[in-house]
Amino acid sequence: MIMRKSGRGVDGGSASGAQRALIAASFVSRVGNGLFNTAAVLYFTLVVHLPAAQVGVGLTVAGLCGLAAGIPAGNLADRHGPRTVWLVGLGLQAVTMASFVLIDGWLAFTLVATLDRLAATASGAAGGALIARAGGDRPAAFRARLRTFVNLGVVAGTLGAAVAIQVDTRAAYTALILANAASFAGAGLIAFLGVPDYPPLPQPAEHRRWSVLADRPYVSFVALYSAMGLQYQTVSLLLPIWLSAHTDAPRWTVAAVYAVNSGVCALLQSRLGATVETPRQGGRAFRLAGLLFLVSCPLMALTADVPAWVAPVLAVLAVCVHSVGEVWESSGGYALAFGLAPDHAQGQYQGLFGIGFNAGQALAPVVLTGAVLALGHPGWLLLGVFFAALGAAGPPVAAWAERTRPGAPEAGQRQDGPELLEADR
């Protein structure tokens, strides 16, 4: 029998304590990510003196190789407990990140980056299983708070990196890398002290190490979410390039876009995300996100057709709409990713979820710059239609997945119990 409703076996006090520890650990690690990611390319090109093209190739190789760790690490988390695997992953990330200060060539850079991505993918799978176990009675509200603090951590780290970039010395960039390494160690310490060592859950006889790949509805959902993930780099990559190349908007517009995107997500994540609890609600949130992206993408394109003083206002308006869609998209994605996974295999399922998302992010620059920018205004419109179509697929995929879960009511069976009525509100 497959157990459902992660976290019911944990009393309220233990659950809230574990949640606070996970939120604190995630915030600390994401501050480090913000410090590093903002200045990483500058460090590798200006300090290590690697050509930008080589940095891009090395990061691509590392990203693709890193995908291999997702499901195996998830299986380890399911078999031996998620906290242990997560702590090991964080420790490896601390070591690999610190090793970046020692590299002196492309081969060493690619090797360290690959090890770092393998550790990060393993951490993501085990961390997802840990989030599921600590969910308590209101897992959606917990995940929404967690994502809020993750966003705030990245913002804080990005602001700190801006200081080092302004100083522009080897010592400043080295400090950022070591600070990121320390953030992983700090996150691990917080988790070790504050997160329970949840024992593995009993696995049914039919469970297999690659069972998730035979779960066609879940695989379909992962493909859907991975494609919708293009929306993240629509704001962080595509729009800044568009503003710089096709508009006369002042340069500070790009910074304003980043700030507005982070601010709106941080303000609304807990409020909206807490309302998306069931897979059915997740499918509806996905559909709403697609419609909002259908509005935001053409608005972004129109920044090239207005006076220079109007372009920043229109860009901010477009990003506000897009950011609300991002909140709904991420909330729906988490409701489906966690709600459709069996409790005993959360690590394996979160491993596939992470693989799909990271693969989509790796392909995003090629798709967005190669297709959308090449087509111009029609490309933006097609992108919006693409997102809307993906969103429209959310409810039927969620319904299909729910019908195939163990314990789902038979076709035609009356479903008017309290849980269904609550889900339909």
Side-chain angles (χ1 to χ4, degrees), residues 2-4 6 22 26 59-93 96 113-135 143 191 198-229 279 282 330 333-364 397 400-401 404-406:
I2 293 179
M3 300 173 63
R4 304 298 305 171
S6 298
L22 278 172
S26 299
L59 292 176
T60 300
V61 170
L64 293 176
C65 291
L67 299 178
I71 295 179
N75 278 319
L76 286 175
D78 294 331
R79 293 177 59 190
H80 302 289
R83 192 187 73 159
T84 299
V85 179
W86 196 47
L87 291 176
V88 171
L90 289 173
L92 291 174
Q93 284 183 274
T96 55
T114 298
L115 294 174
D116 179 70
R117 286 298 86 200
L118 287 168
T121 303
S123 294
L130 202 55
I131 291 169
R133 294 297 294 273
R143 293 193 297 264
Y198 298 105
L201 296 174
Q203 296 181 340
E206 65 271 17
H207 174 76
R208 296 292 182 270
R209 292 185 178 182
W210 302 94
S211 295
V212 64
L213 298 180
D215 189 341
R216 290 184 296 172
Y218 194 87
V219 172
S220 299
F221 152 67
V222 170
L224 196 69
Y225 187 80
S226 302
M228 188 73 98
S330 62
Y334 283 151
L336 288 160
F338 288 98
L340 297 178
D343 285 359
H344 70 270
Q346 281 285 354
Q348 182 184 134
Y349 274 65
Q350 300 315 315
L352 180 65
F353 181 61
I355 287 173
F357 178 76
N358 290 331
Q361 293 304 291
L363 294 174
V397 168
W400 174 34
T404 62
R405 300 305 95 177

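When all heavy atoms are compared, the tightest approach of Gln346 to Ala337 is OE1-O, 4.5 Å. Across all non-hydrogen atoms, the minimal contact from Thr114 to Cys65 is CG2-CB, 3.6 Å. Between Leu90 and Ser123, the shortest heavy-atom contact is N-OG, 3.5 Å. Across every non-hydrogen atom of Gln93 and Ala119, the tightest pair is CG-CB, 3.7 Å. Annotation for Ile71 and Gln348: closest pair CG2-CG, 3.9 Å, computed over non-hydrogen atoms. Across all non-hydrogen atoms, the minimal contact from Ser226 to Val222 is OG-O, 2.7 Å.
Between the OH atom of Tyr349 and the CG atom of Leu213 there is a distance of 9.0 Å, given to the nearest 0.5 Å. Between atom CZ of residue Arg83 and atom CG of residue Leu22 there is a gap of 10.5 Å, rounded to the nearest 0.5 Å. The structure places CG of Asp215 at 5.5 Å from OG1 of Thr404, a figure rounded to the nearest 0.5 Å. Residue Phe357 holds its CZ atom at 12.5 Å from CE of Met228, rounded to the nearest 0.5 Å. Separation of atoms CG (Asn358) and CG (Leu363) is listed at 11.0 Å; rounding is to 0.5 Å.
Ring geometry, Phe221 versus Phe353: the interplanar angle falls under 30°, so the pair is classed parallel (tilted spans 30 to 60°).
Side-chain contact check for Ile131 versus Tyr334: every heavy-atom pair is 4.5 Å or farther apart. Using a 4.5 Å cut-off on side-chain heavy atoms (C-beta onward), Pro199 and Arg133 make contact. Residues Leu336 and Tyr225 are not in side-chain contact: their nearest non-hydrogen atoms beyond the backbone lie 4.5 Å or more apart. A heavy-atom distance below 4.5 Å is not found between the side chains of Leu92 and Leu115. Looking at heavy atoms from C-beta onward, Val61 lies out of side-chain contact with Arg117 at the 4.5 angstrom threshold.
In this structure a side-chain-to-backbone donor-acceptor pair under 3.5 Å is present from Gln361 to Gly229.
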